[in-house]
Student: 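Mind having a look at this structure? Questions to follow.
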Amino acid sequence: MPPKALDYESLNENVKKVQYAVRGELYLRASELQKEGKKIIFTNVGNPHALGQKPLTFPRQVVALCQAPFLLDDPNVGLIFPADAISRAKHYLSITTGGLGAYSDSRGIPGVRKEVAEFIERRDGYPSDPELIYLTDGASKGVMQILNTIIRGEGDGVLVPVPQYPLYSAAISLFGGSLVPYYLEETANWGLDLNNLRQSVAQARSKGITVRAMVIINPGNPTGQCLSEANLREILNFCFHEGLVLLGDEVYQQNVYQDERPFISARKVLMGMGLPISKEVQLVSFHTVSKGYWGECGQRGGYFEMTNIPPQTVDEIYKVASIALSPNVPAQIFMGLMVNPPKPGDISYEQFVRESKGIIESLRRRARIMTDGFNNCRNIVCNFTEGAMYSFPQIRLPPRAIEAAKRAGKVADVFYCLKLLEATGISTVPGSGFGQKEGVFHLRTTILPAEEDMPAIMDSFKKFNDEFMEQYEDHRGYSRM
């Protein structure tokens, strides 16, 4: 009898190739331990509300009214909801075709796309066209849609920064393309080296791969660095000369914890470079309500904006978006509220600013506590988290620990992270899940645990690490970087 279509041996081989470390072996083991009653601190995924972050009041008020429009007819509605939340809810309901329960245009509600375009223009100083902005179910869906459009087969390559967020390696595998890694330089605060980029392209071409696109993650995930304007200009020049489309993953643009390198969008730099580059380089930029100080991961709201993409291609992307009929409508409202929040003079403005600043300032302090905590540990070195919401310390594992991992059939940093999980309940992601240089080991953790819990978490980590190093070192000394 022939194998059935969903028997493992007859599945699509591209599906079998997909690896996604953020929800991989460590996460599954952590879930098992949680079921057994162990307290687990899930720092494996950037999921702020799951770690106790409170939602911002104003956007939740507006969406609550949109979800339950009958509340707007209640004579007491003004006693519970502020007038500006009521008027925004009425506005959003007026631009939908039947409220939150009806499909929208496959590209998203035109009025919300207009709000996104106005936000981009305010941010960058250059006009943006709502017709070139598509709303999506989180940034991930947008990234997958664009990669699916670019990748024609395994001969097509996409340059991805390593360490990378595994969405990229997973999606490239799923669509049958080839990941072309370019390595970020840890000793230069995860900076980008143009020579390395050129070598990566040359190496891929020598294997017969056509490199078609380049991904940047700014601020970085898992590495937390912010790209300088000079770096962005180099990247855009490189894409211009190599004929690459640039995919700008800018979902952490609101999360910046230092003043020396503020976030600058790839589009702003591109537009400022003048002709011919500003009209030639193809750019797709991504943003979301999941990250930033909003942390609305479960709402799945996002957008992508296309720059210098030919109209015929935009039509093809629209056709593919139409297969899913519509991005989820409540998330589109969240996106509208994120790009067009309360303004000075609005009733909700002061509370909104107070809540937003409180989250960002706390994240800035947590980034410092965590970086300092790691750098105070034996055989660990960690760059400061300039932006995003992750820390990516390098663990200098002693040879005996690497041998023990081999005997256990584990990659060395997976072995370390599993021991950490069993001993402390801290669920992280091994660096091997993001890619790293041969013989170098890391882990990624979010900086999201509650600020008041952070010192105890770092103490618990240090105690585990001290004991681990004591167990596996040969006591002839082990140098730091």
Side-chain angles (χ1 to χ4, degrees), residues 14 17-18 132-134 136 139-184 192-194 196-218 220-221 227 231-251 265-267 269-270 273 277-288 302-314 316-317 320-321 434-435:
N14 289 341
K17 286 180 199 164
V18 170
L132 299 174
I133 292 164
Y134 283 25
T136 53
S140 303
K141 278 286 167 70
V143 167
M144 291 177 78
Q145 210 169 310
I146 296 299
L147 285 172
N148 198 11
T149 306
I150 289 169
I151 294 167
R152 300 165 302 183
E154 63 185 348
D156 283 346
V158 179
L159 278 162
V160 177
V162 172
Q164 56 101 27
Y165 178 53
L167 161 68
Y168 292 96
S169 50
I172 291 164
S173 292
L174 189 61
F175 301 135
S178 295
L179 184 142
V180 180
Y182 66 93
Y183 287 91
L184 301 176
L192 183 148
D193 177 3
L194 220 60
N196 179 273
L197 208 49
R198 290 194 186 98
Q199 281 168 8
S200 296
V201 171
Q203 214 170 359
R205 285 178 181 154
S206 73
K207 294 176 188 166
I209 292 169
T210 305
V211 181
R212 288 173 50 85
M214 176 178 175
V215 173
I216 56 169
I217 307 174
N218 181 37
N221 175 9
L227 290 173
N231 236 179
L232 285 164
R233 290 172 79 88
E234 285 181 326
I235 290 163
L236 288 158
N237 258 316
F238 179 78
C239 289
F240 173 66
H241 290 295
E242 299 291 342
L244 305 178
V245 57
L246 182 63
L247 307 185
D249 180 335
E250 298 175 335
V251 301
S265 76
R267 186 174 183 275
V269 177
L270 174 62
M273 288 174 80
I277 288 181
S278 61
K279 283 280 181 226
E280 287 291 331
V281 174
Q282 296 181 341
L283 169 67
V284 185
S285 308
F286 303 89
H287 198 9
T288 179
Y303 75 75
F304 62 83
E305 182 199 26
M306 297 169 278
T307 303
N308 298 329
I309 308 297
Q312 275 181 299
T313 304
V314 175
E316 291 300 315
I317 292 169
V320 173
F434 300 92

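This one's a predicted model, so the numbers in the text were calculated from it and none came from an experiment.
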Student: Could you pull out the closest heavy-atom pair between G142 and T136, with the gap in Å?
Tutor: CA-CG2, 3.8 Å
Student: What's the spacing between L197 CG and I235 CD1 if we round to 0.5 Å?
Tutor: 7.5 Å
Student: So, does Q145 use its side chain to make a donor-acceptor pair with the main chain of V320 at under 3.5 Å?
Tutor: no
Student: Can you establish whether the number of heavy atoms outside E234 located under 6.0 Å from its atom CD is more than 12?
Tutor: yes
Student: Taking L227's backbone N and O only, do any of them form a donor-acceptor pair with N231's side chain (distance below 3.5 Å, no angle check)?
Tutor: no
Student: Would you please classify the geometry between the Y303 ring and the H287 ring as parallel, tilted or perpendicular, with 30° and 60° separating the classes?
Tutor: perpendicular
Student: Given the rule in the side chain to side chain contact (heavy atoms under 4.5 Å, CB included) test, do M273 and V281 qualify, once you have shown the distances and angles that lead to the verdict?
Tutor: CA-CA 11 Å; M273 288 174 80; V281 174; over 6 Å; no
Student: Just by distance, with hydrogens left out, do E250 and S265 show a side-chain donor and acceptor under 3.5 Å apart?
Tutor: no
Student: Begin from the C-alpha positions of I317 and I146 and carry the test side chain to side chain contact (heavy atoms under 4.5 Å, CB included) through to its verdict.
Tutor: CA-CA 8 Å; I317 292 169; I146 296 299; 3.9 Å; yes
Student: Calculate, to the nearest 0.5 Å, the distance between atoms CD1 and CG belonging to I172 and L167 respectively.
Tutor: 8.5 Å
Student: With side chains defined as the heavy atoms from C-beta onward, is the minimum distance between T313 and M306 less than 4.5 Å?
Tutor: no
Student: Show the nearest heavy-atom pair for residues N308 and E280, with the distance to one decimal.
Tutor: ND2-N, 3.7 Å
Student: Look up atom OG1 in T210 and atom CZ in R152, then write down how far apart they are to the nearest 0.5 Å.
Tutor: 6.0 Å
Student: Would you confirm whether Y182, through its side chain, and V201, through its main-chain N or O, come within 3.5 Å as a donor-acceptor pair?
Tutor: no
Student: Out of curiosity, Q282 CD to L247 CG, how far, rounded to the nearest 0.5 Å?
Tutor: 10.5 Å
Student: Show, in sequence, the C-alpha distance, side-chain angles and deciding distance for I309 and L132, and conclude whether the side chain to side chain contact (heavy atoms under 4.5 Å, CB included) test is met.
Tutor: CA-CA 9 Å; I309 308 297; L132 299 174; 6.0 Å; no
Student: With rounding to the nearest 0.5 angstrom, report the CD to CG distance, E305 to L283.
Tutor: 7.5 Å
Student: For S200 and L159, work out which heavy atoms get closest and say how close.
Tutor: CB-CD2, 3.9 Å
Student: Rounded to the nearest 0.5 Å, what separates atom NE2 in H241 from atom CG in L236?
Tutor: 11.0 Å
Student: For the residue pair V215 and V160, what are the closest heavy atoms and their distance?
Tutor: CG2-CG2, 4.2 Å
Student: So does S285 get a backbone contact from the side chain of R267, meaning a donor-acceptor N/O pair under 3.5 Å?
Tutor: no
Student: Does the pair T149 and E316 meet the rule for a side-chain hydrogen bond (donor to acceptor under 3.5 Å, both in side chains), with working shown?
Tutor: CA-CA 9 Å; T149 306; E316 291 300 315; over 6 Å; no
Student: Quick one: does any side-chain atom of N196 pair with a main-chain N or O of Y183 as donor and acceptor, under 3.5 Å?
Tutor: yes
Student: Can you list the steps and then say if L232 with I216 is a side chain to side chain contact (heavy atoms under 4.5 Å, CB included)?
Tutor: CA-CA 9 Å; L232 285 164; I216 56 169; 3.8 Å; yes
Student: Give the minimum heavy-atom separation between V143 and Y168, together with the two atoms involved.
Tutor: CG1-CE2, 3.5 Å
Student: Minimum heavy-atom separation for P181 to V162, with atom names?
Tutor: CB-CG2, 3.5 Å
Student: Examine distances only and state if a side-chain atom of S178 and a backbone atom of E154 form a donor-acceptor pair shorter than 3.5 Å.
Tutor: yes
Student: Taking the side chain as everything from C-beta on, heavy atoms only, tell me whether V211 gets closer than 4.5 Å to L244.
Tutor: yes
